[in-house]
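Note sheet for the following structure.
Since the model is a prediction, treat every value here as computed from it, not as a measurement. Proteins get letters first, then strands, A, B, ... in listed order; numbering begins at 1 in each.
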2 protein chains.
Amino acid sequence: MLDHAVQSLREHGVRMTPQRQAILEYLVTEHSHPTADDIYKALAARFPNMSVATVYNNLRVFKEVGLVQEMNYGDASSRFDFVTSKHYHIICDTCGKVVDFNYPVLDEIESVASQLTGFKVDRHRLEVYGTCPSCQSEQSQTH
Amino acid sequence: MLDHAVQSLREHGVRMTPQRQAILEYLVTEHSHPTADDIYKALAARFPNMSVATVYNNLRVFKEVGLVQEMNYGDASSRFDFVTSKHYHIICDTCGKVVDFNYPVLDEIESVASQLTGFKVDRHRLEVYGTCPSCQSEQSQTH
DNA sequence: TTCTTACATAGTAATCTTTATAAATAGTGT
DNA sequence: ACACTATTTATAAAGATTACTATGTAAGAA
């Protein structure tokens, strides 16, 4: 999976640097949906001199190659997800945790939207919001 | 519709001020999906001394009461939509225009997601992205 | 109507995220 | 090893949103 990603980058003429490798590794191994700052902090120990701009630059490169997907939730900062298979996200309103879940891809809504609006459709985005199990139990304890 | 909104605000103990009224009117009458700055600029003539903070404050109040929905697209700034009936949005990648379209509400995906993840589901969000008709014709002309 | 009080506004500063810039550094093919 | 160019670093800058405080004002009570 990581090898495949590196190969895909090489094919796009992208050079491999230690920082780039580390950011990519982090995205592949961590199944969280980190912000740019999460990544920056996580790699600070290994790369004390790394700039935040480097994180953003690489995330942009990964996005252009199609390895990574950027998402804006209600929060202030964007979250980045290494693209594996098609899945949707459910997000906890309380703690912000993001969990993947599988559901048949909604191709139909794209064609309907296209017919109704005249748009040329490229993609869609779907997210479910609610409260995760652990936050549910905390809330019931408090009450 | 505006009356109903004002009443709803009063019931929540929210005072009516000229600025608040104007922001609300703008959201109800304009069917665009304005940013906070759009609203600020649109009302600058009537309220030369109005602060941007006032726009943000009121949008937050409207959100808390449930009159307004905040959305983050790829852009830098959030967009605000007066909640009327259930509909979805299709967004132009080129010019950023947002158009409503009707589609049966996807209740099923909420229950599926809840079963798979154990979340207590509150709502979902779905957007379709593509190119609007006018941007399509411009692109074909250029080429 | 006048008074009172808490909420709202204006104005500004501050914060946070992201992008831009320029000089130094380092990959990669030859 | 060399040369070319992408990349990194460091910092500044931009842009959106929030925090803060003094002033003003809506709305109910007297």
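A distance of 7.5 Å separates CE in A:Met71 from CD1 in A:Ile91, rounded to the nearest 0.5 Å.
Within the nucleic acid shown, B:Arg60 has no heavy atom closer than 4.0 Å to any nucleic acid atom. As judged by a 4.0 angstrom heavy-atom cut-off over every strand, A:Val14 is placed among residues touching the sugar-phosphate backbone only. Backbone-only engagement by A:Pro18 is indicated by non-hydrogen atom pairs under 4.0 Å involving sugar-phosphate atoms exclusively.
Rounded to a whole Å, the OH atom of A:Tyr40 is 15 Å from the P atom of C:dC16. Atom CE in A:Met50 sits roughly 22 Å away from atom P in C:dA24 (whole-Å rounding). Rounded to an integer number of Å, the gap from A:Tyr56 OH to C:dT17 P is 7 Å. Atom pair B:Leu43:CG and C:dT9:P shows a separation of 12 Å (rounding to whole Å applied). Computed from coordinates, the A:Leu9 CG to C:dG27 P distance equals 16 Å when rounded to whole Å. Separating the CG atom of A:Leu59 from the P atom of C:dT19 is a distance of 10 Å, rounded to the nearest angstrom. Atom pair A:Asn49:CG and C:dA26:P shows a separation of 11 Å (rounding to whole Å applied). Atom CE of A:Met16 and atom C1' of C:dG27 are 11 Å apart (whole Å).
Side-chain to base pairing of B:Ser51 with C:dG11: one donor and one acceptor N or O lie within less than 3.5 Å of each other.
You can see that DNA chain D meets the heavy atoms of chain A within a 4.0 Å-exclusive cut from D:dT5 to D:dA10, reading 5' to 3'.
For the 3.5 Å distance criterion, the side chains of B:Glu70 and B:Ser78 qualify, holding a donor opposite an acceptor. Between the side chains of A:Thr131 and A:Gln136, not a single donor N or O lies within less than 3.5 Å of an accepting N or O. A donor-acceptor contact under 3.5 angstrom links the side chains of A:Thr35 and A:Asp38, judged on distance only. In this model, no donor atom of one side chain and acceptor atom of the other lie less than 3.5 Å apart for A:Glu127 and A:His89.
When the side-chain nitrogen and oxygen atoms of B:Asn58 are compared with OP1 and OP2 of C:dT9, one or more of them lie within a distance under 4.0 Å. An OP1 or OP2 oxygen of C:dA26 is reached within less than 4.0 angstrom by no side-chain nitrogen or oxygen of A:Thr17. Dashed line: the shortest gap from a side-chain N or O of B:Arg20 to OP1 or OP2 of C:dT9 is under 4.0 Å. Remark: A:Ser77 is not in phosphate contact with C:dC16, judged by side-chain N or O atoms under 4.0 Å from OP1 or OP2.
Among the nucleotides C:dT9, C:dT18, C:dC7, the one closest to the side chain of B:Arg15 is C:dC7.
Residues B:Ile23 and B:Val55 come closest through the heavy atom pair CD1-CA, 3.9 Å. Between A:Val98 and A:Arg79, the shortest heavy-atom contact is CG2-CD, 4.5 Å. The minimum heavy-atom distance linking B:Ala42 with B:Tyr26 is given by the pair CB-CE1, 3.4 Å. Between A:Phe101 and A:Val128 the shortest heavy-atom distance is CZ-CG2, 3.9 Å.
Mapped onto DNA chain D by nearest heavy atom, B:Phe80 and B:Asn57 fall at different nucleotides, with B:Phe80 at the one closer to the 5' end.
Note on the helix from C:dT1-D:dA30 to C:dT30-D:dA1: terminal axis deviation equals 40°, with five pairs used at each end and the result rounded to 10°.
Using cut-offs of 30° and 60° on the angle between ring planes, the pair B:His33 and B:His87 is perpendicular.
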